[in-house]
S.K.: 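I'd like to ask you about the structure that follows.
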Protein chains: 2
Amino acid sequence: MVTLSEENYLKAIYHLGKQGSLEVSTNAIAEQMETKASSVTDMIKKLADKNLVNYIKYQGVSLTKDGRLAAASVVRKHRLWEVLLVEKLNFSWDEVHEVAEQLEHIKSEKLINELDAFLNYPEEDPHGDPIPDKDGNIKKVEKLLLSQADVNNTCICVGVKNSSADFLKYLDKHHIALGTSIQIISKEKFDESMTIQVNNTLINISKTISNNIFIKKAL
Amino acid sequence: MVTLSEENYLKAIYHLGKQGSLEVSTNAIAEQMETKASSVTDMIKKLADKNLVNYIKYQGVSLTKDGRLAAASVVRKHRLWEVLLVEKLNFSWDEVHEVAEQLEHIKSEKLINELDAFLNYPEEDPHGDPIPDKDGNIKKVEKLLLSQADVNNTCICVGVKNSSADFLKYLDKHHIALGTSIQIISKEKFDESMTIQVNNTLINISKTISNNIFIKKAL
DNA sequence: ATATAATTTTAGTCTTGTCTAAAAATATAT
DNA sequence: ATATATTTTTAGACAAGACTAAAATTATAT
Ligand SMILES: [Mn+2]
Ligand SMILES: [Mn+2]
Ligand SMILES: [Mn+2]
Ligand SMILES: [Mn+2]
């Protein structure tokens with residue numbers, strides 16, 4: 001049995017572990033979870049006792065096989081619920097996260113499998129993030145950051161790195177959604193801001209923006 | 001802010017309060033919640049502090065207006081989720097309760113309103129229980145117990161008093177569902193068992209069974 | 001190499017929700 | 001009316017999960 005709180009820690013370690021070193025630091029977890037380092041240490045010990053993380057004092061943690069599976073299951077649920085909210089319940093992509101944070105902890109194998117089927121086995125959530133399968137495997141897709149695209153290229157928005165409501169609303173305002181075609185018109189050497197064309201409109205975006213939009217090159 | 005545990009107590013008091021006296025006893029709550037009377041007393045004090053129940057020591061509790069609204073909201077959510085599970089996610093009526101016990105605590109106004117709309121504003125859950133509206137009002141329907149029906153009457157199953165999986169599976173086995181037509185063939189004086197006809201089949205049922213099936217008289 | 005800084009852990013406290021055992025209040029029976 | 005039984009509350013303890021402050025360890029800079 002994994003508690004709600006344990007699930008949240010596992011998820012945090014899971015996310016931190018795949019964008020950097022395998023060993024995740026106590027402070028990194030504390031920051032991600034908006035909690036204190038001492039609380040993290042306490043919880044890490046519990047997770048280590050349950051064989052969900054590998055832990056050596058002062059050396060950080062990594063997920064065990066069991067831990068990774070448990071974490072992937074939470075992520076799977078989170079993302080499937082987000083799809084339900086957007087596809088069936090009229091939520092916009094900036095509204096889903098908070099609710100999915102609650103729904104991801106509902107415990108029912110049948111529920112999540114039926115949800116998966118009902119949604120027609122989606123491969124991505126509303127932010128372009130991949131949905132792990134039952135065994136925790138995710139389909140790796142080639143994703144570049146818009147900031148890395150070259151001038152004159154045309155590309156397609158396939159995801160967002162940052163899913164905060166503020167950022168998503170910014171994208172809405174400029175009519176950028178998953179699948180939107182973006183053409184790189186020019187790039188400023190000085191601050192790496194870009195002028196891009198979306199739906200025949202030119203927009204100037206900062207490096208901060210282009211750094212948070214995932215794209216693939218248009219065929 | 002009402003915690004998950006508080007919501008469960010409010011719901012228990014709500015259910016107990018409408019099938020008997022207005023004042024609900026500590027022991028009754030303890031039994032319903034499978035907890036100890038001392039735990040109930042502790043919680044009652046918290047609920048009284050939050051003005052969710054009226055409480056006089058040794059005299060039992062009743063819900064305040066706020067308490068009743070909070071309780072009805074939980075019941076509303078519980079039953080709407082049960083409808084989703086049965087109508088859209090292939091759950092049978094004996095499988096929904098456990099999951100709905102978890103889902104009823106998800107906090108999102110929008111979610112529950114959209115769910116309501118998505119399900120086409122159902123008035124009853126899969127067990128024939130009425131779904132409170134946003135203001136906590138429920139449509140009272142005339143329901144009799146099958147045990148009270150007279151010989152030779154034909155009636156329609158409109159609900160179950162007991163929603164345990166065992167009982168619901170028993171009904172499935174005998175092809176009794178909501179809307180099923182039931183004819184009272186005979187009634188035994190001694191133990192009040194009945195012979196009923198369902199889909200051209202005769203079944204003998206004990207008083208315990210007939211006491212847990214709600215019916216209305218067929219037109 | 002040693003002092004300083006940053007990170008991590010420990011020790012001790014708090015809140016929520018639960019429990020057992022004992023005390024207090026209420027209900028029931030003679 | 002009084003003894004007995006039942007119900008309810010109180011007192012004290014415990015586990016989970018979080019926090020602060022202090023101690024221990026590791027990293028960094030001269
Ligand atoms: Mn999310
Ligand atoms: Mn997402
Ligand atoms: Mn139910
Ligand atoms: Mn029900």
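Residue numbering restarts at 1 for every chain, and letters A, B, ... go by the order of the sequence lines. This structure is a prediction, so every number in the text was calculated from the model and none was measured.
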S.K.: If only side-chain N and O atoms of Lys45(A) are considered, is one of them under 4.0 Å from the OP1 or OP2 phosphate oxygen of dT10(C)?
M.R.: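 Yes, such a contact exists.
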S.K.: Given atom CE of Met33(A) and atom C1' of dT8(C), what is their separation to the nearest angstrom?
M.R.: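 About 17 Å, once rounded to whole Å.
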S.K.: For Asn211(A), check side chain to side chain donor-acceptor pair (under 3.5 Å) against everything at least two apart and list the hits.
M.R.: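 With neighbours one apart ignored, the set is Ser147(A).
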S.K.: Within the pair Lys57(A) and dT8(C), is there a side-chain N or O less than 4.0 Å away from OP1 or OP2?
M.R.: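 For Lys57(A), the contact criterion (side-chain N or O under 4.0 Å from OP1 or OP2 of dT8(C)) is not met.
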S.K.: Specify the separation, in whole Å, of atom CD1 of Ile44(B) and atom P of dT10(D).
M.R.: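 Ile44(B) atom CD1 is separated from dT10(D) atom P by 11 Å.
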S.K.: Do the side-chain N or O atoms of Ser5(A) get closer than 4.0 angstrom to the phosphate oxygens (OP1, OP2) of dA18(D)?
M.R.: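 The answer is yes; a side-chain N or O of Ser5(A) sits under 4.0 Å from OP1 or OP2.
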S.K.: Any side-chain heavy-atom pair from Lys139(A) and Glu123(A) closer than 4.5 angstrom?
M.R.: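 Yes, close enough: below the 4.5 Å cut-off.
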S.K.: Roughly how many Å is it from CG in Leu47(A) to P in dT9(C), rounded to a whole number?
M.R.: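 These atoms are roughly 13 Å apart.
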S.K.: Mind calculating the distance between NE2 (His105(B)) and C1' (dT16(C)) to the nearest angstrom?
M.R.: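 Distance check: His105(B) NE2 to dT16(C) C1' gives 16 Å.
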S.K.: Can you measure Ile29(B) atom CD1 to dG17(C) atom P for me and round it to whole angstrom units?
M.R.: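 My rounded result for the distance is 15 Å.
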S.K.: So that I can tick it off, tell me whether Lys50(A) and Asp66(A) are bridged by a salt bridge, with the cut-off set at under 4.0 angstrom between side-chain N and carboxylate O.
M.R.: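 Here Asp66(A) does not pair with Lys50(A) in a salt bridge, since their nearest N and O are not under 4.0 Å apart.
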S.K.: Between Glu23(A) (CD) and dT7(C) (P), how many Å, whole number?
M.R.: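 After rounding, the gap between these two atoms is 17 Å.
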S.K.: Using ring-ring contact (aromatic ring centres under 6.0 Å, His included) as the criterion, list what pairs up with His105(B), not counting sequence neighbours.
M.R.: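 Residues passing ring-ring contact (aromatic ring centres under 6.0 Å, His included) with His105(B): none at all.
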S.K.: Mind running salt bridge (Lys or Arg N to Asp or Glu O under 4.0 Å) on Lys107(A) and Glu7(A) for me, showing each step along the way?
M.R.: CA-CA 11 Å; Lys107(A) 277 157 187 76; Glu7(A) 285 187 340; 3.3 Å; yes
S.K.: Does dT8(C) have OP1 or OP2 under 4.0 Å away from a side-chain N or O of Tyr55(A)?
M.R.: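 For dT8(C), neither OP1 nor OP2 has a side-chain N or O of Tyr55(A) closer than 4.0 Å.
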S.K.: Tell me the interatomic distance from Gln59(A), atom CD, to dT9(C), atom P, rounded to whole angstroms.
M.R.: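 Whole-Å distance recorded here is 9 Å.
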S.K.: What is the distance, to the nearest angstrom, from the NZ atom on Lys46(A) to the C1' atom on dT9(C)?
M.R.: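 Going from Lys46(A) (NZ) to dT9(C) (C1'), I get 15 Å.
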S.K.: Could you walk me through whether Glu104(A) and Lys11(A) pass the salt bridge (Lys or Arg N to Asp or Glu O under 4.0 Å) test, one step at a time?
M.R.: CA-CA 11 Å; Glu104(A) 71 189 6; Lys11(A) 190 178 50 151; 2.8 Å; yes
S.K.: Below 4.0 angstrom from OP1 or OP2 of dT18(C), is there any side-chain N or O of Tyr9(B)?
M.R.: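 Checking Tyr9(B) against dT18(C): at least one side-chain N or O falls below 4.0 Å of OP1 or OP2.
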S.K.: Quick check on contacts: within residues 34-42 of chain B, what sits under 4.0 Å from DNA chain C by heavy-atom distance?
M.R.: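 Residues of residues 34-42 of chain B that come under 4.0 Å of DNA chain C are, in numerical order, Thr35(B), Lys36(B), Ser38(B), Ser39(B), Asp42(B).
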S.K.: Please tell me which of Met43(A) and Tyr58(A) maps to the more 5' nucleotide of DNA chain D, matching each residue to the nucleotide holding its nearest heavy atom.
M.R.: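 Upstream on the strand: Met43(A).
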S.K.: Quick one: do the Ser92(B) and Asp94(B) side chains pair a donor with an acceptor below 3.5 Å?
M.R.: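 Asp94(B) and Ser92(B) do have a side-chain donor-acceptor pair below 3.5 Å.
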S.K.: Within less than 4.0 Å of OP1 or OP2 of dT8(D), is there a side-chain N or O belonging to Asn27(B)?
M.R.: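 Yes, such a contact exists.
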